[in-house]
Visitor: 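Take this structure, written in structure tokens, and hold onto it; I'll ask about it next.
Side chains are part of it too, since the values below use all heavy atoms of this structure and drop only hydrogens, waters and symmetry mates.
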Amino acid sequence: MTKRISFRVHGEVQGVGFRYFTRKKATSYSLTGWVRNVPNNKVEGEAQGEEDVLQNFLKDIGQGPRHAHVVKLEKSEIEVQKGETAFEVRH
């Protein structure tokens with residue numbers, strides 16, 4: 001079943017390639033959505049795909065790339081978006 005989640009990642013997640021790591025993981029899982037930096041050194045985004053695949057994706061971003069230090073990962077289920085075809089990094 002297709003689901004969509006909103007996520008916010010806290011910790012040392014800016015300036016370490018976290019958004020591009022997230023896009024690479026999402027693309028490898030065939031997820032759609034987006035990711036961006038937000039104030040206070042956080043990263044947020046939305047991802048959409050099959051529930052079991054989303055769980056694997058969340059595990060990956062909960063660890064992050066090598067130089068990141070994830071302190072907290074917040075997530076919530078939101079409404080599925082129609083017509084999205086890719087996962088993008090927003091600025």
Visitor: Is there a side-chain contact between Ile5 and Ile78 (heavy atoms, below 4.5 Å)?
Guide: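 Not in contact.
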Visitor: If you measure from OG on Ser28 to CZ on Phe87, what distance do you get to the nearest 0.5 Å?
Guide: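 Going from OG on Ser28 over to CZ on Phe87, the span is 10.5 Å.
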Visitor: Quick check: closest heavy atoms across Arg8 and Lys42, and the distance to 0.1 Å?
Guide: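 In terms of heavy atoms, the two residues are closest at CD-CD, 3.7 Å.
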Visitor: Could you state whether Val43 and Tyr20 fall into the same hydrophobic cluster, counting links through intermediate Ile, Leu, Val, Met, Phe, Trp or Tyr residues with side-chain heavy atoms under 4.5 angstrom apart?
Guide: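 Linked, Val43 and Tyr20 end up in one cluster.
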Visitor: I need the minimum non-hydrogen distance between Ala68 and Val16, along with the two atoms involved.
Guide: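 Between these two residues, the closest heavy atoms are CB-CG2, 3.8 Å.
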Visitor: Are Leu58 and Leu73 side-chain neighbours, meaning at least one heavy-atom pair lies under 4.5 Å?
Guide: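 In short, these two side chains touch, coming nearer than 4.5 Å.
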Visitor: Is there a side chain to side chain contact (heavy atoms under 4.5 Å, CB included) between Tyr29 and Leu54 once you walk through the steps?
Guide: CA-CA 8 Å; Tyr29 289 128; Leu54 284 170; over 6 Å; no
Visitor: Tell me, do Glu50 and Thr2 make a side-chain contact under 4.5 Å, heavy atoms counted?
Guide: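 They are in side-chain contact.
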Visitor: Verify, without hydrogens or angle tests, whether Gln14 (side chain) and Arg19 (backbone) share a donor-acceptor contact under 3.5 angstrom.
Guide: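 Answer holds: no.
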Visitor: Donor-acceptor pair, distance only, cut-off 3.5 Å: does the side chain of Glu46 make one with the backbone of Gly33?
Guide: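 It does not hold such a pair.
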Visitor: Please say whether more than 12 non-hydrogen atoms of neighbouring residues, nucleotides or ligands are located less than 6.0 Å from CD in Glu12.
Guide: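 Atom CD in Glu12 is not crowded, with 12 or fewer foreign heavy atoms closer than 6.0 Å.
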Visitor: Looking at side-chain heavy atoms only, is the closest gap between Phe18 and Asn37 below 4.5 Å?
Guide: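 Phe18 vs Asn37: side chains apart.
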Visitor: Could Glu44 and Lys75 be called an ion pair, given the rule that one side-chain N must be under 4.0 Å from one carboxylate O?
Guide: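 Looking at Glu44 and Lys75, the cut-off is not met.
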Visitor: Could you go through the side chain to side chain contact (heavy atoms under 4.5 Å, CB included) check for Thr32 and Thr85 one step at a time?
Guide: CA-CA 6 Å; Thr32 61; Thr85 59; 5.7 Å; no
Visitor: Using the rule that Ile, Leu, Val, Met, Phe, Trp and Tyr join whenever any side-chain heavy atoms are under 4.5 Å apart, tell me whether Trp34 and Phe57 fall into a single cluster.
Guide: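 Not linked; separate clusters.
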Visitor: For the side chain to side chain contact (heavy atoms under 4.5 Å, CB included) test, which of Ile61, Val89, Val13 pairs with Thr22?
Guide: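 Per the side chain to side chain contact (heavy atoms under 4.5 Å, CB included) rule, the option paired with Thr22 is Ile61, out of Ile61, Val89, Val13.
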Visitor: Is any side-chain N of the basic residue among Glu77 and Lys3 closer than 4.0 Å to the acidic one's carboxylate O?
Guide: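 Looking at Lys3 together with Glu77, the answer is yes, because their closest N to O distance falls below 4.0 Å.
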Visitor: What's the shortest heavy-atom distance between Leu31 and Ala47, and which atoms?
Guide: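 That would be CD1-CB, 4.4 Å.
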Visitor: Identify which one of Glu84, His91, Arg90 satisfies the side chain to side chain contact (heavy atoms under 4.5 Å, CB included) criterion when paired with Glu88.
Guide: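 Of Glu84, His91, Arg90, side chain to side chain contact (heavy atoms under 4.5 Å, CB included) with Glu88 is met by Arg90 alone.
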